[in-house]
Protein chains: 2
Amino acid sequence: METAQPRHTRTPRGTLSRQLLLDTAMEIVDIGGVGGFSMRALGARLNIDPTAVYRHFRTKNELLEALADRVVRGDEPLPHTGDPRADLRETFAQLRGSLLRHPTLAPIVLRRPPGGEASWERTNHAIGLLRQAGLPDRQASDAYTTLLFYTLGHALTEARHTAATIARKGPDATVTPITAIGSSASRYPHLAAVADHLAADMREQFHDGLTLILSALAI
Amino acid sequence: METAQPRHTRTPRGTLSRQLLLDTAMEIVDIGGVGGFSMRALGARLNIDPTAVYRHFRTKNELLEALADRVVRGDEPLPHTGDPRADLRETFAQLRGSLLRHPTLAPIVLRRPPGGEASWERTNHAIGLLRQAGLPDRQASDAYTTLLFYTLGHALTEARHTAATIARKGPDATVTPITAIGSSASRYPHLAAVADHLAADMREQFHDGLTLILSALAI
DNA sequence: ACCTGAACACCGTTCAAGT
DNA sequence: ACCTGAACACCGTTCAAGT
């Protein structure tokens, strides 16, 4: 045996593109997490020399941020029902959903909101809804910030748990609710008292928190 | 010249400890960010072989998480004025302050709340305040989650900006307010309308958001 | 008992060379 | 024009050896 696995066909010329590289990178990241992604792994999956990627992305970080922008964009159209409260709920629920579909990318999204092009469209839409609901500019701005950070923080923590489960049991594993309060809880009486609720379904928790914030805004 | 910089004294035996390693690691991280931290860098700063660290921490990650736990603990005592609303504000303001004092560690803290020992004491205290304010368990749990995620998300974004400024201008640079909305804002009318407010002082924004949430809780 | 240093299996990125 | 491959300067971690 001369070569373990000879490359059967030389990679044709016009094969590579930002599109293809991002699609492939997203596959790698969804399967093995950001930690499992490397330029060499990307090259291997495309049967291409790792350094060929540098023709389309200046650095690995630029590629990861393009991935994060995709996550923020999501696939669903922004809601326009005419009811600002319902549309706001839906907008942020969409953001949460997209983050949970790519849980391992959540930390990267959180490292740079809301800078990317995709984020700006979403930001503009949400602020429009808040103004439509009658909030003055300053209050709309604060409210947007509050809702965004709440959603990102919440989704990241849920995503962290989902990502850990995937790492253990593979991509289609059923995700169990967070427990992990453990033995030390007896030393923390208040914690123990609400433990069942803390471990509860995070989707419900997310929507309850959203209700809390929207009520405070009288929306 | 035989050796560029000969080690004058052999490192004495009992020198290393978790304490010393964490202190030194925190220095490195505060100066150069998490990206500038490596086992080799830690070894170099202590004039010690990098692999000696493995006697005290099983992995680099375990060391970083111990650092994150320190950040969550903070240096200030938890507030006990008897006024739950004031104490809640102070508790989360302390958490924000500690995150901003070590801005580059914020992403690591966010990757695993509230698991560490230090976090549990803070969690227990905050939930105690919410129950003291009269909230039933389920609502106290939701409220805590909301406040925590809000604070973490807010602080991380502010920390991200601070960290970027430090990387550019050194550890004592004055941090300018976030602007960065740029030319594209004209394509997003709602964004442009509130741009001044979005760029405003983040400390004030944080407290306004906190007020919003606490009001919703009728605290 | 505690620290060292060589070694292993990786990284991101650059750049001259091939086709 | 686009892709390759050798090379550079790094990583985290293991383990046998030194003191």
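Chain letters run A, B, ... following the sequence lines, proteins first and then strands; every chain starts at 1.
Taken from CZ in Arg70(A) to CG in Asp75(A), the straight-line distance is 10.0 Å, to the nearest 0.5 Å.
Nearest to the side-chain atoms of Ile48(B) among the listed nucleotides dT4(C), dC3(D), dC2(C) stands dT4(C). Taking every side-chain heavy atom of Ala52(A) into account, dT4(D) is the closest of dT4(D), dT14(D), dT13(C). Candidate nucleotides dC11(C), dC11(D), dT14(D) were compared by shortest atom distance to the side chain of Arg40(B), and dC11(D) ranks first.
Counting to the nearest Å, the P atom of dC2(C) and the CZ atom of Arg18(B) are 15 Å from each other. Spacing between atom OH of Tyr54(A) and atom C1' of dC15(C) amounts to 13 Å, rounded to whole angstrom units. What separates CE of Met39(B) from C1' of dC11(D) is a distance of 11 Å, to the nearest Å. Nucleotide dT4(C) holds its C1' atom 15 Å from the NE2 atom of His56(B), rounded to whole Å. For the pair Glu62(B) CD and dT13(D) P, the computed distance is 10 Å after rounding to whole Å. Atom CG of Leu46(A) and atom C1' of dC3(D) are 13 Å apart (whole Å).
If you look at Tyr150(A) and Phe206(A), their ring centroids are closer than 6.0 Å. Two rings, from His190(B) and His125(A), have their centers 6.0 Å or more apart.
Rounded to the nearest Å, the gap between the C1' atom of dC11(C) and that of dA7(D) is 14 Å.
Looking at heavy atoms from C-beta onward, Leu105(A) lies out of side-chain contact with Leu99(A) at the 4.5 angstrom threshold.
Within the 4.0 Å cut-off from OP1 or OP2 of dT4(C), not a single side-chain nitrogen or oxygen of Thr51(B) is found.
Each of Arg55(A) and Ala41(A) lies near DNA chain C, and the nucleotide nearest Ala41(A) is the one positioned closer to the 5' end.
In this structure, dG18(C) forms a base pair with dC2(D), meeting either the Watson-Crick or the G-U wobble geometry with both donor-acceptor distances under 3.5 Å. Partner assigned to dA7(D) is dT13(C), using Watson-Crick or G-U wobble distances below 3.5 angstrom.
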